[in-house]
Amino acid sequence: MSVRVRYAPSPTGLQHIGGVRTALFNYLFARANGGKFILRLEDTDRTRSSEEYVKNLYDTFDWLGIRWDEGPDVGGPKGPYVQSERFGLYRQYAEKLVAAGKAYYCFCGEDRLSRMRSDAEPEEGEGAASYGYDRACRNIESAEARRRAEAGEAHVIRLKIPLEGTTKFRDLLLGEIEWKNADVSPDPVLLKSDGFPTYHLANVVDDHLMEITHVMRAQEWIPSAPMHMIMYEAFGWTPPSLCHLPMVLGSDGHKLSKRHGATAVNEFRTKGYVKEALINYVAMLGASYEDGRDLYSLEDLARLFRIDRINKAPAVFDYVKLEWFNGQYIRAKEDGELTEMLLPFAVDAGLFGAPGTRPSGGQDSLFRSAVPLVKERLSYLSEAPAKLAYLFSEPPLAPVEEFIPKKLDAPRAAELLAIAAALLPDCDLSDIPASEEKFRTKAAEAGCKLGDLMMPLRVAVTGSRVSPPLFESIRLLGLPAVLARAAKARAALAAAGSAP
RNA sequence: GUCCCCUUCGUCUAGUGGUUAGGACAGCGGGUUUUCAUCCCGCCAACAGGGGUUCGACUCCCCUAGGGGAUGCCA
């Protein structure tokens, strides 16, 4: 039987790292085993589901380059792949369980249930309290229950969890897991009063109908696994293999959530993370592939993925390490591709005029030539515009002290700046080593280090002590502009020198 | 409260009875270098604790502790 796995998110929020991790592992497992990866939208919570989140889901995975073989947008033989479009199915299957005596109508209202829950809160100094539904409706005569339901009385359908005995299943990662039925959630709701299924029913019915062979989901689902097994048993179906993935935690050690910052994939994207880095990093959260390697492409991962290389313990999401991966992939990009990736960030940041302005022809070619200068200096794509701004507009004059090399003073800085500027017309800036050699010689004559000779010029040209390489910058900027900036800086230094 | 899962450097991990417990990120210290960065080299740093089993335990078993999760007409 060939492998069929699914990612079954509910569109009730933005896609975040946790979801991507689950999807990625399912995808990798399918690819590694020549199986199918299926997307199923679990939009059964009609108050929280929204189109906006569906769109975000598509955008996210489209960006990441993770594609499903079957799904709402691409179709497939087991559709529809949206649960709200399968509405009729669930009542039908729930009724089947009722008819078989495995489930029952429950007429308890929300008010009674919430009162019951708050009563169960452990009081100060009190011992064990029981939680969950008290099974009040379980013993209603079935004919009586049917009559009330048909009379229009609001109701849900609940699964009968056996009062005694145990339920066990074999988790592909965790091994044998056995539960006392008394510890399973007491008679969970299968069909809500609005006629929609709960996750539990929909997930079991659809996994069966869609012939899912392996369910890989986060470990937070372990407690509901026994109930699902009881359902498969009640339906007389063979359950899929289960594999509960370790959770991804925030730096505070808790389940990843909005509180942890930029966990929505969207935000990583706008901050300038590249997809390869995100995929590589997330794939390594809670799993390993081969020894001695850090960098894996999606294709590598798809080939190497194995369940027995997954870790059981939860993993903490580390932004710093992700940043390292990002730098690695940025540097690995070919210049042309990196330029295309950087361009939107430059446009948005207003590098070419007002934010949103496209580059002119000249700006475009300048930008292309400048990209190699920042490539090794980027952790995120979004950092590029600020680092290159001095090439596109004159930077504000730096404070005087910025110009002054260590242990020197303003007059000396002005002098070195003049020497450096005077040397420039004699340099062939397309030959960096030669230009550098000229400067080195001149620095020796002037009795200072090369760095000291370059620093005032660097600050004059780029507006900062920290900048991309200076000779290349000067070449891109052109001599006239550079000399003008140098002159302006000299004037400022002179003024500072004459003031006490 | 109850139930379940987990436990190797700060973090991600390798390890499947005999290793100086390896790698990566971070940190620290050097080197290359026109600044910054890249790159290179080095250092620091872990088997939660206690019992067993065994000639021998990070590896197997038990207990304790700690962490996490679940306990919804949300998924």
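Numbered from 1 within each chain, the chains take letters A, B, ... in sequence-line order.
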Check: Checking only heavy atoms, does the side chain of A:K312 share a donor-acceptor pair with the base of B:C6 at less than 3.5 Å?
Finding: no
Note to self: Between B:C73 and A:S193, counting only base atoms on the nucleotide and side-chain atoms on the residue, is there a donor-acceptor pair under 3.5 Å?
What the structure shows: yes
Margin query: Assess, by modelled atom type and distance only, whether the side chains of A:R148 and A:H155 contain a donor and an acceptor separated by less than 3.5 Å.
Written below: no
Check: For A:S185 and B:A70, is the shortest distance between a side-chain N/O and OP1 or OP2 below 4.0 Å?
Finding: no
Item checked: A:E276 to A:K333 - nearest heavy-atom pair and separation -> OE2-NZ, 2.7 Å
Check: Would you say A:R465 reaches B:C36's phosphate, i.e. side-chain N/O to OP1/OP2 under 4.0 Å?
Finding: no
Next item on the list: Could you tell me whether the side chain of A:N326 and the main chain of A:G272 form a donor-acceptor pair under 3.5 Å?
Entry: yes
Notebook entry, point to check: Checking all strands, does A:W179 fall into the base, sugar-phosphate, or nothing category for heavy-atom contacts under 4.0 angstrom?
Noted result: sugar-phosphate
Margin query: Under 3.5 Å for both donor-acceptor distances, Watson-Crick or wobble: does B:C3 have a partner, and if so which one?
Written below: B:G69
Check: On a whole-Å scale, what distance lies between the C1' atoms belonging to B:G72 and B:G15?
Finding: 42 Å
Next item on the list: Would you classify A:P469 as touching base, sugar-phosphate or nothing, given that sugar-phosphate means primed atoms plus P, OP1 and OP2, and contacts are heavy atoms under 4.0 Å?
Entry: base
Next item on the list: Check whether any side-chain N or O of A:N311 sits under 4.0 Å from OP1 or OP2 of B:U8, and answer yes or no.
Entry: no
Margin query: At 4.0 Å (heavy atoms only), tell me whether A:A287 reaches a base, stays on the sugar-phosphate, or touches nothing.
Written below: sugar-phosphate
